[in-house]
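A short worksheet on the structure shown next.
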2 protein chains.
Amino acid sequence: MPKAKSFNEVTKDWRLLLAADIVVFGFIENKLKVLLVRRKFEPGVGAWAIPGGFVRETESLEQAALRELHEETGLSQSAYLEQLYTFGDVKRDPRGRVISVAYIHLVNNPEKIKLNASDDAAEAKWFDINSLPTLAFGKSHRDILEYAWQRLKWKFEYSNVALSMLPDKFTLSDLQKVYEAVYHKKIDKRNFRKKILAIDFVEPVDQVKQEMGRPAQLYKATTTKLKIYNHVI
Amino acid sequence: MPKAKSFNEVTKDWRLLLAADIVVFGFIENKLKVLLVRRKFEPGVGAWAIPGGFVRETESLEQAALRELHEETGLSQSAYLEQLYTFGDVKRDPRGRVISVAYIHLVNNPEKIKLNASDDAAEAKWFDINSLPTLAFGKSHRDILEYAWQRLKWKFEYSNVALSMLPDKFTLSDLQKVYEAVYHKKIDKRNFRKKILAIDFVEPVDQVKQEMGRPAQLYKATTTKLKIYNHVI
DNA sequence: CATATTAGTGTCCTTTATACAATCAATTTT
DNA sequence: AAAATTGATTGTATAAAGGACACTAATATG
């Protein structure tokens, strides 16, 4: 029987890089947008890519994801962070093997975020999920975005994550628009409100939003925690 | 502005181990069972743990998962393999930082598998998911199993993965028992059959299974591919 | 031939999903 | 001030799906 492999035997012969990629979604101008950065370095210099970076020794994967995000958006706290998938066989970096743990990140005040250039990114910009630019790393990053979007759709169906994409106070129309942007289809207003109000999801606050037309009742989340429902929203 | 980190700057100072853990589920004696191994080495020597091992340079994460599984079960092909989660901040190994990518694996002929001792495992054994032994690595491995089970329940609801836990030909009662084992609750026979037969899921073959009682119609999967349904099974 | 064992089948009721349009409260225009 | 505009708010009827529930059928065994 062969003897067990020691740490050195396992690691000495090959290079392993650990990266965290973050798919950042925001709801801007009634559209679902995703944050991309223009790469400063090879590979894929000059092309748009999903923000991310290498994990440091002393930080967890989540911490690395949040730090990278902070560096690129100035955003210091997360409305919602979820691990998406780990990509391990992609030979996308000529310098060695890269294990990339991808996260989904939702922000609730995308308009207020000022996008910074960072160590690795020359520029950061929001893109409509339906009109993405050509991405670095070929089909790989595009696939990650599609997968992230798909996951987001699922999550919207049976949880309250949608509230992570809105400010503290919002109208039911605002909420419906977020759903419409993520599902990428129109929803019937009466049926939507019926469902939302039937579950313990939001509650009215003593305030209205006055823009054009009839003032709209403002609501807030009943909980700031992630909540999973059995039925479908 | 700081300059970009080179590969060496990122990696030279810390050790990174990449592991694949595999939660193997099988349907045995009408129960949902999970495969555990008794550890041969520290940490946690002598305790039961989720099988797994280190990823080699030349193999993908999936390949590593399948290889480890093969070494421990003799199983050479997978009925179903799905990435579960990546654990990255667990300081469970004193030798350095371990990034562990966990997979769910379903086997369709657990009775026929002969369990081998391997490099890292002294012994491998099936355990009822409802009466697990004390595990190595404290609460961590237990949590992984719970999470894997939860994921499996979800997947059963909207896909045909259940068929990956049965032989090629099976009766509707067999299928129902798999669902009951995974959901850990009784299902009404008539409602179950109504649902199963209402979707394009299985088709009868020209053969019956004769054991005790009335002979049962045998069925086969309409497709061997993973299939996602919109409604709930 | 009686009994044991497992397979197979249908109806009613409740819940949920979907389609669909008029009225209300404010602002803006004329 | 009347009319037009903008967006908010509300209910009903029909269809689809889910859940509860009990008897008959086909084989083997004693």
Side-chain angles (χ1 to χ4, degrees), chain A residues 27 29-31 153-154 156-159 166-167 169-181 183-220 228-233, chain B residues 27 29-31 153-154 156-159 162 166-167 169-220 228-233:
Chain A
F27 178 61
E29 292 161 0
N30 292 338
K31 292 201 163 57
K153 287 178 193 168
W154 280 99
F156 262 55
E157 285 197 359
Y158 60 85
S159 82
L166 287 172
K169 294 172 187 172
F170 50 86
T171 69
L172 291 187
S173 293
D174 294 336
L175 184 57
Q176 181 174 345
K177 281 170 195 152
V178 175
Y179 270 92
E180 289 178 337
Y183 289 168
H184 198 230
K185 71 170 190 190
K186 278 278 168 200
I187 302 174
D188 179 83
K189 197 195 293 191
R190 281 167 293 185
N191 292 339
F192 179 77
R193 295 165 94 94
K194 206 190 309 173
K195 279 189 199 172
I196 291 297
L197 297 175
I199 56 182
D200 185 29
F201 193 85
V202 296
E203 54 192 55
V205 297
D206 191 21
Q207 207 177 340
V208 294
K209 181 162 115 181
Q210 180 72 65
E211 284 179 350
M212 243 160 301
R214 176 174 174 174
Q217 177 67 52
L218 282 168
Y219 289 80
K220 68 183 178 77
I228 305 290
Y229 300 95
N230 290 325
H231 34 250
V232 166
I233 292 166
Chain B
F27 178 62
E29 292 160 1
N30 292 340
K31 293 201 162 59
K153 286 179 193 169
W154 280 100
F156 262 54
E157 286 197 359
Y158 61 85
S159 82
L166 286 173
K169 294 172 187 173
F170 50 87
T171 69
L172 291 187
S173 294
D174 294 336
L175 185 57
Q176 182 175 344
K177 280 169 196 154
V178 175
Y179 270 92
E180 289 177 337
V182 170
Y183 289 169
H184 197 229
K185 71 171 189 189
K186 278 278 167 201
I187 301 173
D188 179 82
K189 196 199 293 189
R190 281 167 293 186
N191 292 340
F192 179 78
R193 296 164 95 94
K194 207 191 308 173
K195 279 187 198 172
I196 292 296
L197 296 176
I199 57 182
D200 185 29
F201 193 86
V202 297
E203 55 193 55
V205 297
D206 192 22
Q207 205 176 341
V208 294
K209 181 162 117 182
Q210 179 72 66
E211 284 179 349
M212 242 160 303
R214 175 173 173 174
Q217 176 66 52
L218 282 167
Y219 289 80
K220 69 183 176 78
I228 305 290
Y229 298 94
N230 290 324
H231 34 250
V232 167
I233 293 165

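These values consider heavy atoms only, across backbone and side chains, with no hydrogens, waters or symmetry-generated copies.
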*Qualifying residues under side-chain contact (heavy atoms from CB on, under 4.5 Å), relative to A:P215, sequence neighbours excluded*: A:V208, A:Q210
_For atom CG of A:L175 and atom P of D:dA8, their distance in whole Å_ = 13 Å
_Residues which pass side-chain contact (heavy atoms from CB on, under 4.5 Å) with A:A181, listed by chain and number, not counting sequence neighbours_ = A:F27, A:L32
*Roughly how many Å is it from CD1 in A:I187 to P in C:dA19, rounded to a whole number?*
12 Å
*Starting from P on C:dT27, measure out to NZ on A:K209 and report it in whole angstrom.*
16 Å
*A:F192 CZ to C:dA17 P: how many Å, rounded?*
14 Å
*asked:* A:E203: which residues meet the side chain to side chain donor-acceptor pair (under 3.5 Å) condition with it, sequence neighbours left out?
replied: A:K220
*Just jot down the side-chain contact (heavy atoms from CB on, under 4.5 Å) partners of A:K194, sequence neighbours excluded, or say none.*
A:N191
_Least distance between heavy atoms, A:Q207 atom then A:Q217 atom_ = O-NE2, 3.4 Å
*More than 12 non-hydrogen atoms from neighbouring residues, nucleotides or ligands closer than 6.0 Å to NZ on A:K209, yes or no?*
yes
*Check the distance between D:dG19's P and B:Y179's OH and give it to me in whole angstrom.*
14 Å
_Relative orientation of the end axes in the helix from C:dC1-D:dG30 to C:dT30-D:dA1, expressed as an angle to the nearest 10° (five pairs per end)_ = 10°
*How would nucleotides 2-12 of chain C be written as a contact map, 5' to 3', with B for base contact, S for sugar-phosphate-only contact and - for no contact, using protein heavy atoms under 4.0 Å?*
---BBBBBBB-
*To the nearest Å, how far apart are A:K186 NZ and C:dT18 C1'?*
17 Å
*Nearest whole angstrom, please: distance from the P of D:dT9 to the CD of A:Q210.*
11 Å
*Taking C-beta and beyond as the side chain, do A:E157 and A:Y183 meet within less than 4.5 Å on heavy atoms?*
yes
_Interatomic distance, B:T171 atom OG1 to B:K177 atom NZ [nearest 0.5 angstrom]_ = 6.0 Å
